[in-house]
Colleague: 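To start, I am sharing the structure in question, which I have written as structure tokens.
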Amino acid sequence: MTNADRKVPFTLRMKKELSEKIQKEAKSRGISKNAYINQILHKVAKEEVS
């Protein structure tokens with residue numbers, strides 16, 4: 001595993017309602033809440049670079 005592949009822990013605080021919406025959407029996609037948040041962040045970061 002390279003340093004670029006290493007994952008780092010990150011705490012994110014959000015309102016309960018948002019957390020529940022994210023959890024529901026992640027479940028409907030068959031992925032974890034963490035994986036769904038990572039997908040969103042990667043998409044936004046990619047758009048920012050483009």
Side-chain angles (χ1 to χ4, degrees):
M1 182 183 301
T2 66
N3 278 343
D5 295 333
R6 189 179 343 157
K7 295 178 171 57
V8 295
F10 178 78
T11 302
L12 179 64
R13 291 176 182 83
M14 65 183 78
K15 291 186 178 185
K16 183 177 179 180
E17 296 82 19
L18 178 58
S19 178
E20 290 169 349
K21 286 181 181 181
I22 291 170
Q23 181 64 49
K24 183 178 178 181
E25 184 60 30
K27 186 175 182 179
S28 76
R29 294 171 182 249
I31 59 176
S32 70
K33 185 173 165 181
N34 186 70
Y36 183 54
I37 291 170
N38 269 288
Q39 286 180 358
I40 293 168
L41 292 174
H42 279 279
K43 181 180 179 198
V44 170
K46 185 178 178 181
E47 290 171 359
E48 292 286 321
V49 172
S50 299

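If you read the sequence from its start, that first residue is 1, and numbering goes on from there. The analysis underlying the following values was restricted to heavy atoms, covering all of them including side chains, and did not include hydrogens, waters or symmetry mates.
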Colleague: Can you list the residues that meet the side-chain contact (heavy atoms from CB on, under 4.5 Å) rule with I37, with sequence neighbours excluded?
Modeller: M14, I22, K33, L41
Colleague: Suppose we screen for side-chain hydrogen bond (donor to acceptor under 3.5 Å, both in side chains). Which residues come up paired with K27, at least two apart in sequence or across chains?
Modeller: none
Colleague: Is there a side-chain contact between E20 and K16 (heavy atoms, below 4.5 Å)?
Modeller: yes
Colleague: Could you work out, with side-chain contact (heavy atoms from CB on, under 4.5 Å) as the rule, every residue matching Q39, not counting sequence neighbours?
Modeller: R29, I31, Y36
Colleague: Got a sec, which residues hit side-chain contact (heavy atoms from CB on, under 4.5 Å) with K21, two or more places apart in sequence or on another chain?
Modeller: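 side-chain contact (heavy atoms from CB on, under 4.5 Å) check on K21 returns nothing, list empty.
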Colleague: Can you name the residues that form a side-chain hydrogen bond (donor to acceptor under 3.5 Å, both in side chains) with S32, not counting sequence neighbours?
Modeller: none
